[in-house]
Amino acid sequence: MGLEYVKISPGFEKYMPKDYVDLVKYGQFGKQIDVQQIDQIKELVEEHPMCAGCYMAYFVRIFYASLPKPEDTIVLGTAGCARLALSQAAVPFIYGNYGDTNAVASGLKRALSIRFPDKIKDVVVVAGDGGLMDIGFGMTMHSWFRREKFTTIMVDNEVYGNTGGQESGMSPKGVQLKMAPKGKKFDKINAVELAKTAGCVYVAKLAPTNPKRIAKTIKRAILAARELGPTFIHVYTSCNIEYSIPTERVLADAKEREKNDFGFYEWMTDEAKEYLEEQEKKMAEAKT
Amino acid sequence: MPEQKVVETDYLLLEAPRERKFITGSQAMAEAVKRANVDIAIAYPITPQSETMHLVGDLWAQGYLKDYYRAEEEYGAMSAIAGAVRGGARAFTATSGPGLLRGLEAIASWPGHRIPAVLGVLTRVVNAPLSIQPDNVEISYLMNCGMVVLHAENQQDVFDFTLASFAISEMVDVYLPIAVCTEGFFVTHAKGYVNMTPEDMKLPPRDPYKAPVPPTDCEIPPARIQRDAPVQKSNFMSYLIHQVWQQEVWSSNMRAMKYIYKYLNGPIEVINPDAEVFVAASGCAAAQAREAVRYAQMEGLNVGLLKIKSIVPFPSKEVRETLKNAKAIIVPEHNIVGWLAKEIKANIPNSDNVIGRPRVYGGMTLPVELIMDEIYAALGIKKDKTVLV
Amino acid sequence: MKRYNMRIAGVGGQGVVTSAHILGNAMSAAGKYASLVPFFGSEKRMAPVEAYVRASDQPIYEVGEVVYPNVIMIYHPQVITHGKSYTMPFYSGLKPNGLVIINTDVDIIPEEDHAILEKLNTKVINFPATKIALDIAGTELATNMAMIGLFFGITRLVDFEYIEQAVKERFLGNTFVASGGTASLDSAIEKKFKKKVELLEKNMQVIREAFKIAEENGWVLEEITV
Amino acid sequence: MAKIITPGPSGYVPTPAVFEGVQITPPGKALLYGEWVDEETAMREAALAMLTRKNPTIFPGPLVLWGYNASAIEKAQAVLELAKEIPNCRIIPMPDYRPKYPKINPEAEINPNHPNLTILHNRIEACIFVGVHCHYANLSLRMIRAGTNCFTIALCAEMGHEDAMVSIRDVHAEKILELRDMVIKVREELGIKWEPKLPPENPSLPKEHFETLNIADYGDYAYLLHPRKGETVEETE
């Protein structure tokens, strides 16, 4: 409904807690912000209980700052680390049962399309490797097969971090983790290729080393999902606890992985390419 | 498809003219969906449910529904229903036996998530070994999750219960999912007379803002909303929160009772309230019981029927009142565990009088003669085992 | 029967859970009984932490958090002044004739709460544990030692040697895990003290001092009726 | 009259009013201590509680705080009108329903996941919930009754709340103003002198508007704020 629902009733500005007043005055609603300037705005995401130095927490901040229309965005998450920060933001958040994100998002997006055929309602799933590629695999795949119009972002820490460090389908082969005490026996699932095969119109893979690029990728994925079909981003968000990465080495680790197996990769259908070029041109024009 | 006009809920459910049709239980459920202004239905095949959702799919193709799809499996279907209802749509699905159990994690979460959806439960044996025959043990799995559970005796009940459930589930003080259960094949694939409201009338659309929780549609404050945050004991969440949350679900469940009175003529039906012996039953066992009571009365026996329509909320007070002078209470059931007999025993003072027989299961039919045998035994009438009437 | 059901409330980094373990281990070393329930909301420095200990000379059957304690130990004044507690107010559930030990050198209990505690015939002890820890061990990390020292000093549940044994086990043993944060805390402590033995001795001194204070003030109790 | 629902603390496991047999009223009726009464009786009792119990507070919820449509704005105005007439009343908002990490500021807001932090911290003994979605209002009302002695009043836009001591249904701006009139009437009957004024603002807000503050506003002290040429500030206290 636009911005009315994030406006304070007249006379109540002086009764609201400061963080809400700031959110309305200095927040992201109704604006496009530069992710490199998130320090200068009241961020959507608030204080959260993720581990100090967690790279996933950093990604979540960039994610929220990149939303093309935060006042009309709904985020879905599932059990796992990311939801600890995802849920602490001024954007509606849905947390259902473990691994159900892409089924819930399918129903949600369809309901919103029925009710608001002419309005933008962005639906974004941000879930972990376990939620999307293990327990929720079928629902993830089928949401893509069905060409559901929402974005799936996999924050891949290659482990079940929240439950204490168990092997996931996305853990690299050979890694010794709980429930794989002799080392993982099979390869990391190739989620990107699966997404392409299953019908995503925009697929990207990245290590979060460059905030501007992350923001651009997220925006593209959300814009393409609005009009065309499912989109997918696979992000490496290391677990510094389970993989024993010292806090000061987290960025270096991401850069290393970027060089090895998480180099920036972007793929889209011709249709998506055409659409995004057009949209980006429009946005650039609007700016100038 | 005829042009449908929206009429008041009370008018449609209580006053609208009715026309009699001879249809199957599956058709009766679909006919109710047709008149319920449903936005979206999500289907996944399983016998004996499939036919119902085929018919609902046809309704979508004809334009009665706005969206419909075949889901990946029941867990996905039930999760998607939760998503659609959160998004403000009116949603419907149906399943049977093993499918219900596959979807049960999601279904059992609906009440806590405050998801007012209607779920058709067309009962079937729960594996193993595999069988597709009717057996209603699956209802016992639904009884403790907080949703409203209605049990339909025949095609007419299926129509009435389903249509009313859309209205009841969305009441602000209820706002819970409702399961409309009936026996697979015995009801779903059998025909009976159903008095139906006109095809060109439908319920008012869902108003998701008339609700005890905001829909997740970015149209109503607060913007910072997670309707049901995971509960962590800490000083940002009270120790009590989950407890009072569950209390809210079960309070809401109890509040549904007044609407069951209003729209379904109460949670029970009684024939011969002064009876010496009662046959108490739900679902299609109530049809067998109704038959048995008629025969018994023809024989001059003082036997009554207690049909229980609402399993959850259970009409404790009404059941207690009805059975207070009964010498014997015969409870025929289509399952081995005897969930209805247990429930009745738990709710009356003279539980020794409850006879948890006859029970058939694994899809066997429940002959009226078995109930008659119990009636004779209860009244101390000696008869040959096989009764011919 | 001596039976103490206690709630320990402090903030992250104070060793609330560690001291609950030491309390339990001292009881076990003495051949008596204890059960403990650590409780973390969010493992973060200065975030509220609670632990629950049941201690007795008789077997203990009950499990779960202590909802109705007869002993409450407050490791940090902010538990009361800032409401940094999972249990509000801090004396919630306290049984009559109970014991409350607060780490403070001034009275921080609001007047209304005093009235309630008086009605319950509560013995309230303001005990400057952090000050004692700093004076004797030179680190406020020994606050928890002062607190359990005073508890044992008051209750005389076990002899001193068993407390020493439990503290030893904590600092010299290698099987002790209280929380994920304990390991990093350990390395910090080690840097401060060259030898663990020295650390142990400092801690014992703090405990001994707390015993002495209990005695000098006439706080020694025979028993709290359950 | 039998009082079924009274101020707590009712204990570790509160029994929900519905389990006690309390039922939501039909339109035009109100709940007082779990019994059906007419609205005027309920309003009188509500006014009495807000005028005589300690630290009366209004907890406006999202449907009042956020001006998302004309009726919300109108209702918000009415809430302020009501607050003005209650001596030493405070307004503590419930801007949303999600738990906040690591903890709310109990002087600045109330959160349905742990309402008692606010009730106990501020020693609130009478409160009004208005503009809160029913589900969250019910959770809060039950927890408050379990753990505090607060007298709860629910002004509900829908059907009302069994767990409140006073529950009035179908409440929109007009009915809030009726309650205000009742407050004035009872206040005068009690002989309490009071000049209508708005409650104090939220303590979390900065006292000055720093974002619009100009260096020139500091007058004589402005030179202290101008960094001098070549001066770099390494560290601050």
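Note that this is a predicted model, so its numbers are computed, not measured. Lettering of chains follows the sequences in order, A, B, ..., and the numbering in each one begins at 1. Just so you know, these numbers use all the heavy atoms, side chains as well, and skip hydrogens, waters and symmetry mates.
Contact annotation for D:A157: neither backbone nor side-chain heavy atoms come within less than 4.5 Å of a heavy atom of chain B. Of the two parts of D:P112, only the backbone, made up of N, CA, C and O, holds a non-hydrogen atom closer than 4.5 Å to a non-hydrogen atom of chain B. Within the 4.5 angstrom heavy-atom criterion, only backbone atoms of D:P95 (N, CA, C, O) approach chain B. There is no contact between D:V132 and chain B, counting heavy-atom distances below 4.5 Å. Contacts between D:M159 and chain B at a heavy-atom distance below 4.5 Å involve the side chain alone, from C-beta outward. At a 4.5 Å heavy-atom cutoff, the contact between D:L139 and chain B is made by backbone and side-chain atoms alike.
Pairs passing the salt bridge (charged side-chain N to carboxylate O under 4.0 Å, His left out) check and including a residue from residues 46-64 of chain D, sequence neighbours excluded, do not occur.
The candidate with the highest count of non-hydrogen atom pairs below 4.5 Å against chain D, out of B:A229, B:A223, B:A211, B:P222, is B:P222.
Of all the heavy atoms in B:P221 and D:P62, the pair that sits closest is CG-O, 3.7 Å.
Residues passing the salt bridge (charged side-chain N to carboxylate O under 4.0 Å, His left out) test with D:E85, sequence neighbours excluded: D:R187. With sequence neighbours left out, D:E81 forms a side-chain hydrogen bond (donor to acceptor under 3.5 Å, both in side chains) with D:K84.
Rounding to the nearest 0.5 Å places CD1 of B:I220 at 5.0 Å from CG of D:L63.
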Would you enumerate the inter-chain donor-acceptor pairs between chain D and chain B whose distance is below 3.5 Å?
from	atom 1	to	atom 2	distance (Å)
D:P14	O	B:Q247	NE2	2.6
D:D96	OD1	B:R224	NH1	2.9
D:D96	OD2	B:R224	NH1	3.2
D:R98	O	B:R224	NH1	3.3
D:P99	O	B:R224	NH2	3.4
D:N113	O	B:S238	N	2.8
D:C134	N	B:P212	O	3.4
D:H135	N	B:P212	O	3.0
D:H135	ND1	B:R114	NH1	2.7
D:Y136	OH	B:R227	O	2.5
D:N138	ND2	B:E248	OE1	3.3
D:N138	ND2	B:E248	OE2	2.8
D:R142	NH1	B:V244	O	3.0
D:R142	NH1	B:E248	OE1	3.4
D:R142	NH2	B:E248	OE1	2.6
D:E158	OE1	B:K210	NZ	2.8
D:E162	OE1	B:R255	NH2	3.0
D:E162	OE2	B:R255	NE	2.6
D:E162	OE2	B:R255	NH2	3.4

